[in-house]
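Numbering of ligands and ligand atoms starts at 1, following listing order.
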Amino acid sequence: MRHRWLLIGVCGWVLFFLIFGSRFFSLSRRALDVYVGKPETQSWTPSTTKDVKSHTALEWGKRTPAPGNQPSGGPSPADPSEWQSVVMQRLELLRSFCSNSSLRNLTHTPLSKFILDRIFVCDKHKILFCQTPKVGNTQWKKVLIVLNGAFPTVKEIPENVVHDHEKNGLPRLSSFSASERTHRLSTYFKFFIVRDPFERLISAFKDKFLQNPRFEPWYKHDIAPAIIRKYRKGRSSDGAPGLRFEDFVRYLGDPAHQRLDRQFGDHIIHWVTYVELCAPCDIDYDVVGHHETLEHDAPYVLRAAGIDRLVSYPAIPPGITHYNRTKVERYFLGISKRDVRRLYARFLGDFILFGYERPGFLLD
Ligand SMILES: *[C@@H]1O[C@H](CO)[C@@H](O)[C@H](O)[C@H]1NC(C)=O
Ligand SMILES: *[C@@H]1O[C@H](CO)[C@@H](O)[C@H](O)[C@H]1NC(C)=O
Ligand SMILES: *[C@@H]1O[C@H](CO)[C@@H](O)[C@H](O)[C@H]1NC(C)=O
């Protein structure tokens, strides 16, 4: 009798551990992961030709919360068919302005090495991604690095390797021959992300000249003094040491800005136009995501690229992608209308191609 009770007790404990132990394990693993897996059953079409094997290599995607039951904080994917129409409308707008010959100078650009250097290649999943800093590009690069197979998970990519193209296994389009480039440009899925042009400049200014968190001393030590020397008014009597947004605006809006640009090399990627970075009218992109609606665009891009079962975009902190007019007003306060209008003239192509509203509150 006692033996039987003992046996039942032991079985009970084993059952208890099997149920709650594994549950606890999977929950804590999930909480540790930056990326949260997508439901297995969702949007899997048999016609897809993507490599399913890398699924297991990717670690995430296995522990899958039910649809509509994602941990809080994650982006809630919009209805894909609904978002599809938004994406298509954006492309129509883009194409209509691209084909307007009187806007040619603002919208077209030669496919130079500078542009081919901006575009990253994922051959395994046939994806091209044009890098536009200050819109969460590091996350996209990490996703592509993992998909290319250089690292098994996003968490295992050392921070210093993400942007080190010797080591990250993420080739640039410029590293391929002309025929290989043409093939990829005409057959691969192509995308990039944009945001309000002026807010983007504020973000670049803050990141490179005020905070400079990644220890890139050349912005403060070389580039800022060169801009100040050329563009600051009454420089000798003015004690302010660092670059001011006003100086930066004057440099960017100068029709002859290219003389300094050449001196600065590739660092200008943080403030040249999207037209100059990604040639949106010369390359037929499939999706142009908007930072302001990244919660919808990120899952849409993953789905359209056929990689939504392999990866998902990390949780986007609420509010950070929203356009903040107060911030824009504050930065432009005291900058002359003439300088703002010149800046707008330079970035006009980016405003119209991607449907960003003319900032009348700064210009009129
Ligand atoms: C082209 O753009 C110009 C300037 O914005 C505009 O006046 C003109 O109507 C456009 N042409 C077409 C065909 O849309
Ligand atoms: C476009 O650029 C070319 C060469 O830079 C220049 O000659 C032409 O006047 C420009 N056209 C417009 C409409 O700005
Ligand atoms: C907008 O920017 C201002 C000024 O930088 C800041 O005080 C405010 O908190 C921001 N608003 C939001 C919603 O982030």
Checklist entry - Quick one: which ligand 1 atoms are inside 4.0 Å of a heavy atom on Ser102? => result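 Those atoms are 1 (C), 2 (O), 3 (C).
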
Item to check | His296 and Trp83 aromatic ring geometry - parallel, tilted or perpendicular at 30°/60° bounds | outcome: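 Geometry flag for His296 against Trp83: tilted rings.
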
Next on the checklist: For Phe332, give me all partners under ring pair (Phe, Tyr, Trp, His ring centres under 6.0 Å), at least two apart in sequence or on another chain.
Outcome noted: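 If we apply the ring pair (Phe, Tyr, Trp, His ring centres under 6.0 Å) test to Phe332, skipping adjacent residues, the hits are Phe198, Phe245.
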
Next on the checklist: Residue by residue, ordered by chain and number, which ones reach under 4.0 Å of ligand 3 with a heavy atom?
Outcome noted: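 Those residues closer than 4.0 Å to ligand 3 by some heavy atom are Asn324, Lys327, Arg330.
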
Next on the checklist: Suppose we call two aromatic rings close when their centres sit under 6.0 Å apart. Are Phe248 and Trp271 close by that rule?
Outcome noted: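 Ring-ring flag for Phe248/Trp271: true, centres closer than 6.0 Å.
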
Next on the checklist: List the residues meeting side-chain contact (heavy atoms from CB on, under 4.5 Å) with Ser112, not counting sequence neighbours, and say none if there are none.
Outcome noted: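 By the side-chain contact (heavy atoms from CB on, under 4.5 Å) rule, Ser112 matches Phe114, Ile115.
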
Checklist entry - Quick one: side-chain contact (heavy atoms from CB on, under 4.5 Å) partners of Glu246, sequence neighbours excluded? => result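 side-chain contact (heavy atoms from CB on, under 4.5 Å) list for Glu246, sorted by chain: Arg244, Arg250, Ile335.
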
Next on the checklist: Please tell me whether Asp286 and Tyr188 have a donor and an acceptor in their side chains that are separated by less than 3.5 angstrom.
Outcome noted: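 No - no donor-acceptor pair under 3.5 Å links their side chains.
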
Checklist entry - Is it the case that Tyr251 and Asp339 place a side-chain donor and acceptor less than 3.5 Å from each other? => result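 There is no such pair between these side chains.
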
Item to check | Residue portion contacting ligand 1 (non-hydrogen atoms closer than 4.0 Å) for Leu103 | outcome: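 Side chain only.
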
